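Accompanying notes for the structure given below.
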There are 2 protein chains.
Amino acid sequence: MPEPKQTRGHFPLGGKEPRFERVERSFEEFIRTKGLKLTSQRRRILKKVFTAHHHFTADEVHEMFRRSRDRISRATVYRTLSLLVEGGFLDILDLGQDRKYYEHVLGHEHHDHIICLQCNKIVEFQEPRIEELQERVVEEHGFHITYHSLRLFGHCADCHQKLDGKAPQRPPH
Amino acid sequence: MPEPKQTRGHFPLGGKEPRFERVERSFEEFIRTKGLKLTSQRRRILKKVFTAHHHFTADEVHEMFRRSRDRISRATVYRTLSLLVEGGFLDILDLGQDRKYYEHVLGHEHHDHIICLQCNKIVEFQEPRIEELQERVVEEHGFHITYHSLRLFGHCADCHQKLDGKAPQRPPH
DNA sequence: TTTTCTGCAAACGGTTTGCACTGGA
DNA sequence: TCCAGTGCAAACCGTTTGCAGAAAA
């Protein structure tokens with residue numbers, strides 16, 4: 001049995017060609033292990049967030065189902081998203097100021113984000129050398145790191161050009 | 001006229017031995033420049049946050065004045081804190097999950113944070129090499145960075161020892 | 001059948017806002 | 001005097017919760 005490459009959570013996705021079926025099975029096992037029930041709402045939300053968007057808000061998920069005949073209540077959306085985060089199927093990207101996004105982990109290694117203050121474009125990046133330096137800093141202070149969050153805020157090339165010196169920046173943070 | 005060392009905002013603190021009087025004068029100028037009024041509430045809040053705590057919440061500020069005979073309303077506390085952030089006198093440290101702290105900039109260069117998930121201890125650090133790598137990453141993606149936020153979450157030495165393998169970690173975010 | 005889950009609506013908690021009165025400039 | 005600021009209470013908004021009926025196991 002090949003060692004699965006674990007991203008996070010107890011139910012790794014691993015393998016060469018991650019597909020939604022893998023996630024689905026992993027989710028079923030997660031649910032079973034916790035003694036929970038596999039409801040249609042949970043299955044539908046899982047499918048939606050893994051096949052449609054990459055970055056999305058809780059409200060957007062709720063909205064996706066509002067149109068369909070069998071809508072899913074806001075409460076259930078929130079409860080299910082929490083469950084998915086707990087199981088390591090989703091990550092949270094908190095941009096502050098009540099801008100809270102979720103992103104699925106399918107085929108995504110750990111990464112950090114650059115966010116455009118103007119158009120909200122989100123770019124992902126990996127920089128192992130930063131991670132390494134973080135490790136060192138944490139050790140120096142006697143901490144044991146669990147996770148980290150690095151967000152770079154600025155203006156993307158397009159928006160920077162449009163601004164052209166006027167720079168109506170949001171107050172930093 | 002010597003070039004003032006600007007941390008952020010329009011009213012730099014600079015100088016060898018930063019003292020509260022400098023901040024106060026800087027604040028007065030900020031207020032004047034914006035055509036606002038220097039009220040007793042604003043003066044008292046400024047003094048309190050610069051002499052008492054380093055990391056504090058809006059609610060804590062409100063609480064500090066509840067005891068005194070002339071309390072300050074929650075609304076005014078919020079409005080004043082926003083003003084101080086706008087002027088670059090305070091920074092915001094958003095830990096997510098509605099844990100939002102302010103910190104004054106008196107004698108503080110830019111820095112990042114390590115946060116203990118157990119006892120909420122906050123340690124500040126500076127790592128120029130990380131900053132440098134960030135610059136490079138941002139450039140590679142054609143962005144122009146405005147500011148960044150790096151938060152390392154984990155367990156401090158004390159808490160790590162107490163946990164001793166049981167590791168009741170908060171869901172990563 | 002048993003137990004969890006869902007939808008609803010109300011509650012929550014931090015923050016903001018409208019308004020009439022207050023008080024700096 | 002004049003206009004911004006304050007306190008109050010209500011509004012806001014994303015999120016959570018209590019509860020009764022619905023549906024997995």
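Being a predicted model, the structure only gives us computed values, none of them experimental. Every chain is numbered from 1, with letters handed out A, B, ... down the list of sequences. Below, all heavy atoms of this structure are taken into account, side chains as well, without hydrogens, waters or symmetry copies.
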Please confirm whether the shortest side-chain N or O distance from B/Ser73 to OP1 or OP2 of D/dC8 is below 4.0 Å. no
[X] (side chain) donor-acceptor with [Y] (main chain) under 3.5 angstrom:
X: A/Arg42; Y: A/Lys37; value: yes
X: B/Arg151; Y: A/Arg151; value: no
X: B/His141; Y: B/Val137; value: yes
X: A/Thr80; Y: A/Thr76; value: yes

Find which nucleotide of DNA chain D each of B/Gly35 and A/Asp59 is nearest to by heavy atoms, and output the residue with the more 5' nucleotide. B/Gly35
So that I can tick it off, tell me whether A/Glu63 and A/Arg66 are bridged by a salt bridge, with the cut-off set at under 4.0 angstrom between side-chain N and carboxylate O. yes
For B/His148, check ring-ring contact (aromatic ring centres under 6.0 Å, His included) against everything at least two apart and list the hits. B/His110
In whole angstrom, give the distance that lies between atom [atom1] of [X] and atom [atom2] of [N].
X: A/Arg42; N: C/dT6; atom1: CZ; atom2: P; result: 5 Å
X: A/Tyr101; N: D/dG14; atom1: OH; atom2: P; result: 12 Å
X: A/Arg44; N: C/dT6; atom1: CZ; atom2: C1'; result: 12 Å
X: B/Leu81; N: D/dT6; atom1: CG; atom2: P; result: 12 Å
X: A/Lys34; N: C/dT3; atom1: NZ; atom2: C1'; result: 16 Å
X: A/Asp98; N: C/dG13; atom1: CG; atom2: P; result: 16 Å
X: A/Ile45; N: C/dC5; atom1: CD1; atom2: C1'; result: 12 Å
X: B/Arg71; N: D/dG5; atom1: CZ; atom2: P; result: 20 Å

B/S/- contact track for nucleotides 16-25 of chain D, protein heavy atom under 4.0 Å: BBB-----BS
